[in-house]
Amino acid sequence: MDYTLYLVRLGEISLKGLNRDFFEGKLKTNIKTKLHPYHSRIAKQKGRLFVYVEDQAPDTLVREALSSSFGIVGFSKAIQCEKDFETIKSEAMRLVDETWKIDQVRSFKVETRRADKTFPMKSYDISAELGHLILERYHTLSVDVHHPDRILYVEIRDSAYLYTDDESGPGGLPVGTAGRGMLMLSGGIDSPVAAYRMAKRGLRMEAVYFHAYPYTSQQAMDKVAALARILSRYCLRIVLHVVPFTDVQLHIKAHSRDEETTLLMRACMMQIATMIAAERDCSAIVTGESLSQVASQTLESIRFTDGMTDLPVFRPLIGMDKEEIITTARLIGTYETSILPYEDCCVIFSPKHPLVKPRLDSIRKSYELLGIERLLKEAVEKTERILCS
Ligand code: ATP
Ligand code: MG
């Protein structure tokens, strides 16, 4: 089988000292999963991965896989060839021909690293000769050693490796290296962005969606599943838990003061998410809340809902403005789906004047008086799972 080589540059992982193997190992597995069903093998070398992918795999698929894998800061298609200068010359020219859009490039430089000191030419001479060849072929280019538009890299090791600066990766840490969390995924703009941000720090997630059928439609549900599928590009496959939430909401509406319903509903969501998290071996809850965005996200409200779980609650958007969140949502491709006009369960049941600054003792009391444990357990039991990838 023939393989194409992609050279992958690692960022924060390289600083991981003794734990580096663990992080690199996870990244290798994640990349292989994304390249499946195509065969790949991955070798490690300080701060780099050499990803060999079966030739049949389309270049676009490989680029898509690498540009969405957290832990990668950049990657380039590379050529591995014999350590013979005639071969290096012709392969270098082939690489430049194939990858540089010459009408958009004005300057370049060649950078050579000679790890194998037995190679008869010095680094400087290799760079100079290759630079000369490129200038001969492309008269519009010039050499700029300080701020070149493109760089041709040459490394002489066990073989010769040629590559050029290319695409950037998403940075962060490989998904799965930080443990597992339960994402509360609504159909809105915020929670998908929260998922992206936590995946970027290495958290693997499952998701829970509270569905108040028939008050919320099948379309609202499909929209959440569609968001989970978009997110799976970064987060890997997501198990989506769809919780039938109607009975809980109707009970709250019938048994509590109007202005408290939103907060009590949030409390129930937090409890159910915690129960499902326990079943699914997740040690954190993730939400898309941002401080003071709405009544249920004031400091007082958050303090109350936090008390409903013994797990850490990650709110990566807590300090972000809506505009900043929207910018990320566009970038990761969830925005257009998030703004589809299907109703959310919170909106349908929400009172005109929700409590903004709940008194902790009083809202806790209201929650106890609900006597809702049995309904929460039933909701968990009737929860359905969808695999989103
Ligand atoms: P989003 O845009 O993510 O829907 P939002 O601004 O609409 O957020 P809220 O409706 O108050 O804010 O929800 C706050 C957070 O609670 C959401 O980001 C999400 O994590 C969680 N959440 C809200 N509704 C649901 C739901 N139906 N299912 C699961 N999680 C939900
Ligand atoms: Mg919402």
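Start at 1 with the first residue, then count along the sequence. Note that ligands are numbered from 1 as they come in the structure, with each ligand's atoms numbered from 1 the same way.
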Validation row, ring centre Tyr196 to ring centre Tyr234 under 6.0 Å
yes
Should you measure from each heavy atom of Val208, which atoms of ligand 1 turn up under 4.0 Å away?
29 (C)
Are any of the N/O atoms in Pro192 less than 3.5 Å from those in ligand 1?
no
Show the atoms of ligand 1 that are less than 4.0 angstrom away from any heavy atom in Leu185.
28 (N), 29 (C), 30 (N)
Scan side-chain atoms only and decide if Ser159 and Gln80 contain a donor-acceptor pair under the 3.5 Å cut-off.
yes
Does at least one non-hydrogen atom of Met269 fall below 4.0 angstrom from an atom of ligand 1?
yes
Note: ligand 1 atoms sitting under 4.0 Å from heavy atoms of Thr287 are 20 (O)
Can you find an N or O of Gly187 that's nearer than 3.5 Å to an N or O of ligand 1?
no
Does Val286, backbone or side chain, put an N or O under 3.5 Å from an N or O of ligand 1?
no
Show me which atoms of ligand 1 lie under 4.0 Å from any heavy atom of Val294.
11 (O)
Just by distance, no angles: are the side chains of Asn30 and Ser69 close enough, under 3.5 Å, to form a donor-acceptor pair?
no
Is any side-chain heavy atom of Arg157 closer than 4.5 Å to one of Gln45?
yes
Could you tell me whether Phe245 and Tyr215 have their ring centroids closer than 6.0 angstrom?
no
Kindly indicate, with the supporting measurements, whether the criterion ring-ring contact (aromatic ring centres under 6.0 Å, His included) is fulfilled by Tyr163 and Tyr153.
CA-CA 5 Å; Tyr163 58 98; Tyr153 295 94; 4.9 Å; yes
Considering only heavy atoms of Tyr209, which atoms of ligand 1 have at least one such atom less than 4.0 Å away?
27 (N), 28 (N), 29 (C)
In this structure, which one of Phe23, Phe22, Phe70 forms a side chain to side chain contact (heavy atoms under 4.5 Å, CB included) with Ile13?
Phe23
What atoms of ligand 1 come closer than 4.0 angstrom to any heavy atom of Ser296?
11 (O)
Gln293 heavy atoms, cut-off 4.0 Å: which ligand 1 atoms fall inside?
5 (P), 6 (O)
If hydrogens are left out, which of Met265, Glu289, Arg266 has an atom nearest to atom 13 (O) of ligand 1, that is, the closest non-hydrogen atom?
Arg266
Numbering as shown, the atoms of ligand 1 that approach Gln297 to under 4.0 Å (heavy-atom distance):
9 (P), 11 (O), 12 (O), 13 (O), 14 (C)
Any luck finding a side-chain donor-acceptor pair between Ser123 and Thr112 under 3.5 Å?
no
Taking the inter-plane angle between the rings of Phe50 and Tyr52 on a 0 to 90° scale, is it parallel (under 30°), tilted (30 to 60°) or perpendicular (over 60°)?
parallel
